[in-house]
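Step one of this worksheet: look at the structure below.
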Amino acid sequence: MSVDAPVDDVAAQVYEVPTDAPEADGTLPWSSTTLVLAEVTAGGRRGIGYTYADGACAALINGALAGTLTGHSALDITGGWQAMVGAMRNNGRPGLVSCAISAIDTALWDLKGKLLGLPVCRLLGMAHESVPIYGSGGFTTYDERRTRAQLERWVGEWKIPRVKIKIGESWGSDERRDLERITLSRSVIGPDAELYVDANGAYRRKQAIRIANATADQDVTWFEEPVSSDDLAGLREVRDQVAPDVTAGEYGYDLAYFNRMLAAQAVDCLQIDVTRCGGITDWLRAAAVAAAYNVDVSGHCAPNLHAHVATAIPNLRHLEYFHDHHRIEHMLFDGALPPNGGALRPDQHRPGLGLEFKHADAEPYRKA
């Protein structure tokens, strides 16, 4: 049987998984996480990909995108990607369209690896054997006990040497608690681990600068979205006046977005999300754009989707090991990678992305 088989089916399902505790960041609360699973078949093999986005993505995948991709060579991913983007012209590229394309694109890479009997990291070519990660959670809804337990697990049990908490509580209206939680986090992780904070755009420009200056003695080295990621001038203003690296980019849905952010010199490290940006195909392109500006890249969330593609780029800094996605991926996927030692190492013995979806385990969370 030739491995260069046409795509014969594209389908999506939606799963909603409740959080294990109330969660919120500086600007948004939530009680569940939605996963949209895309499955693409060709040559008797099935590839899987997914996005963390609204279930409306499934209608796009099962409808126009499936019709566009069916019959296309499963190996020619770039051509399939371009066809999907073209088919969505009148629906707008940013937002749910890009999330839907991302889910299918990652499924195509998984399928190609399975057809060829190779892990995706080998298809892409590896610049790194492993991907450094940072523990991410520390939600504003957590009390001291839960915050302490999570930090201790990351640094103590899993030996992750870098961690991140959420600040900017209630749109930056509780600076006192923000500062107290930063101090608590440093006291728990000790002097050697790196401490990151994420305001999710909750602060005003000068407020963000004051917060950074007030935490100088806590050695915070990463300040994510101190102001809105749409405020490129504001990010640049904060970046010019604070010691921590200023970062953003997780809401990038196309290359033009990343280029604007980099051209504005708004960030010290560019975040790219493989479940939003257009999948592995455009994640690599976005990383190349960042490299042209001499800027490092950090993968945003979805650790088991990023593990393979992140090994392929020289300008990698690390990957976000986000609490919600870590939990879901270990619940619902066979082959999810362990975080031990502060890095993810793609399994060289499993083809594709090394993941298989556990349909029976996921059934209680499936949305009609």
Side-chain angles (χ1 to χ4, degrees), residues 1-14 35-53 55-125 253-256 272-288 302 305-306 308-309 312 350-357 359:
M1 180 186 297
S2 171
V3 296
D4 190 11
V7 171
D8 53 44
D9 189 55
V10 179
Q13 291 284 352
V14 180
L35 180 144
V36 180
L37 179 79
E39 298 180 287
V40 182
T41 60
R45 303 303 300 269
R46 183 183 303 272
I48 59 172
Y50 51 93
T51 184
Y52 292 104
C57 286
L60 295 170
I61 294 170
N62 290 326
L65 290 174
T68 298
L69 200 59
T70 301
H72 194 280
S73 168
L75 298 186
D76 295 333
I77 297 176
T78 304
W81 185 94
Q82 192 62 45
M84 289 191 291
V85 170
M88 290 289 102
R89 187 196 69 177
N90 291 346
N91 292 320
R93 170 69 193 281
L96 293 180
V97 164
S98 192
C99 292
I101 291 172
S102 298
I104 295 177
D105 182 83
T106 52
L108 284 169
W109 280 101
D110 183 51
L111 175 61
K112 184 172 183 175
K114 289 173 178 174
L115 288 169
L116 297 177
L118 290 171
V120 168
C121 59
R122 289 297 183 191
L123 291 179
L124 300 174
Y253 296 101
D254 56 30
L255 290 184
I272 315 174
D273 189 327
V274 74
T275 75
R276 294 173 178 169
C277 74
I280 289 173
T281 298
D282 241 20
W283 201 96
L284 292 168
R285 292 169 173 163
L305 276 192
H306 279 99
H308 284 259
V309 67
R350 297 175 71 112
L353 294 170
L355 299 171
E356 294 298 338
F357 191 67
H359 285 274

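What you are looking at is a predicted structure, and each value in this text was computed from that prediction instead of being measured. Because only heavy atoms are used, hydrogens play no part in the values below, and waters and symmetry mates are left out as well, while side chains stay in.
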Do you know which two heavy atoms are closest between I77 and T281, and how far apart they sit? CG2-OG1, 3.6 Å
Donor-acceptor contact present, side-chain W81 to main-chain G278, <3.5 Å: yes
Between S98 (side chain only) and P94 (backbone N and O only), is there a donor and an acceptor less than 3.5 Å apart? no
Would you say the side chain of L255 lies within less than 4.5 Å of the side chain of D282, judging by non-hydrogen atoms? yes
NE2/H308 to CG/D110 distance, rounded to the nearest 0.5 angstrom? 8.5 Å
R285 side, atom CZ; T78 side, atom OG1 - distance, nearest 0.5 Å: 6.0 Å
N62 (side chain) donor-acceptor with A12 (main chain) under 3.5 angstrom: yes
When rounded to the nearest 0.5 angstrom, what is the spacing between CD1 in I280 and CG in D105? 6.5 Å
Exercise: identify the closest heavy-atom pair between L69 and V7: O-CB, 3.7 Å
Give a yes or no on whether the backbone of T275 and the side-chain of T51 come within a donor-acceptor separation of less than 3.5 Å. yes
What do the steps show when you test W283 against L305 for side chain to side chain contact (heavy atoms under 4.5 Å, CB included), and what is the final call? CA-CA 11 Å; W283 201 96; L305 276 192; over 6 Å; no
Is it true that a side-chain atom of R93 and a backbone atom of V85 form a donor plus acceptor pair closer than 3.5 Å? no
Less than 4.5 Å apart, side chain to side chain, heavy atoms only: is that true for H359 and E39? yes
So CG of L123 and CG of L118: to nearest 0.5 Å the spacing works out to 5.0 Å
Measure the shortest side-chain to side-chain distance between D273 and H306 over non-hydrogen atoms and say whether it is less than 4.5 angstrom. yes
When rounded to the nearest 0.5 Å, the distance separating NZ of K114 from CZ of R350 is 9.0 Å
Grab the two heavy atoms, one from A312 and one from L284, that are nearest each other, plus how far apart they are. CB-CD2, 4.3 Å
Measure across T106 and G49 and return the closest heavy-atom pair with its distance rounded to 0.1 Å. OG1-CA, 3.2 Å
Using every non-hydrogen atom in the two residues, find where C277 and S102 come nearest and quote the distance to one decimal. N-OG, 3.6 Å
Closest heavy-atom contact between P6 and G71? CB-O, 3.6 Å
Under 4.5 Å between any side-chain heavy atoms of T68 and V10, yes or no? no
Apply the side-chain contact (heavy atoms from CB on, under 4.5 Å) test between W109 and each candidate in V40, I104, L353, L124; give the one that qualifies. L124
In Å and rounded to the nearest 0.5 Å, what is the CD1 to CG distance from I101 to L108? 11.5 Å
Using a 4.5 Å cut-off on heavy atoms from C-beta on, say whether the side chain of Y253 contacts that of C99. yes
